[in-house]
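A short worksheet on the structure shown next.
All residue numbers in this chain count up from 1 along the given sequence.
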Amino acid sequence: MNNNFFFIGRLTRNPELRYTSSNKAVTQIDLAVQNGKDDVTFVPITLFEKMAENVCKYCEKGDLIGFQGSVKNHNWEDNKGNKHYDYTFMANKMSFLQTKTNNHQEPKQAENVKKSTDEQIYADFGDSIEISEDDIAF
C-alpha cells in the first residue's frame, strides 16, 4: 500500500528555516489548497534538508507550490491520560509553480531548478529521506 499525498496550493506565510538537534534543516509551511470556489483547506507540510533550505531561500507568502510526500501519524497520551492523534505531512518532492520576484528583480535560480519556457519553475529533489520522530522540531 502507498501512503502518498499530492497538494498544490499557496504559502500562507513566509517560511522560516530551523535546525533539528541533529543539525538537519527543517521548516514547516502552511499551504492553502483550493478545493472549490469558497472552500480552502490549510495543510501544514514539513520539509527537510535541501527542500527546506530551497523553499526558505526562494519562496514567500502567496507563492504557488506543488508537493508530494507521505503522511505520518503520531499517537500519544498526555500526563492526564488523554489520548491525542496527530498527522504530519512530510514532503519528498516539490515543484515551484509560481513565485513572486523580490523588489522587481529576476527570480533567483536554485541548484537543481530549471526554468521552463512558460515561466514556471520546477524542482525535483529525488527520493525521500529517512526521518525519525526525534528529527521533527515542532
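Under the salt bridge (Lys or Arg N to Asp or Glu O under 4.0 Å) criterion, the residue pairs touching residues 27-41 are Arg13-Asp30, with sequence neighbours excluded.
Side-chain atoms of Glu60 and Leu11, non-hydrogen and from C-beta on, never get closer than 4.5 Å to each other. Between Thr27 and Arg18 there is no side-chain heavy-atom pair separated by less than 4.5 Å. Within the 4.5 Å cutoff, side-chain heavy atoms of Asp78 are placed close to those of His84. Between His74 and Lys72, some side-chain heavy-atom pair lies under the 4.5 Å cut-off. Contact annotation: the side chain of Arg10 never approaches that of Asp63 to less than 4.5 Å [non-hydrogen atoms, C-beta and beyond]. Looking at Pro44 and Ile29, their side chains never come closer than 4.5 Å, going by heavy atoms from C-beta outward. Under the 4.5 Å side-chain criterion, counting only non-hydrogen atoms from C-beta, Met90 is in contact with Phe48. Using a 4.5 Å cut-off on side-chain heavy atoms (C-beta onward), Ser95 and Ile65 make no contact.
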For Lys61 and Thr12, what are the C-alpha separation, side-chain angles and deciding distance, and is it a side chain to side chain contact (heavy atoms under 4.5 Å, CB included)? CA-CA 5 Å; Lys61 179 180 177 177; Thr12 63; 5.8 Å; no
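No hydrogens or angles considered: a donor-acceptor pair under 3.5 Å links the side chains of Asn35 and Thr41.
Interatomic distance, CZ of Phe67 versus CZ of Phe7, reported as 11.0 Å (0.5 Å rounding). Going from atom CH2 of Trp76 over to atom CG of Asp86 covers 4.5 Å, rounded to the nearest 0.5 Å. Atom OH of Tyr19 sits about 14.0 Å away from atom NZ of Lys24, to the nearest 0.5 Å. Of the inter-residue distances, the one linking Phe89 atom CZ with Gln28 atom CD reads 10.5 Å to the nearest 0.5 angstrom. Note that OG1 of Thr46 is 10.5 Å distant from CE of Met51, once rounded to the nearest 0.5 Å.
Contacts of Val40 classified as side chain to side chain contact (heavy atoms under 4.5 Å, CB included), with partners at least two apart in sequence or in another chain: Ala32, Gln34, Phe42.
Of all heavy-atom pairs spanning Ile8 and Leu31, the tightest one is C-CD2, 4.3 Å. Shortest non-hydrogen contact noted between Leu47 and Ala91 is CD2-CB, 3.2 Å.
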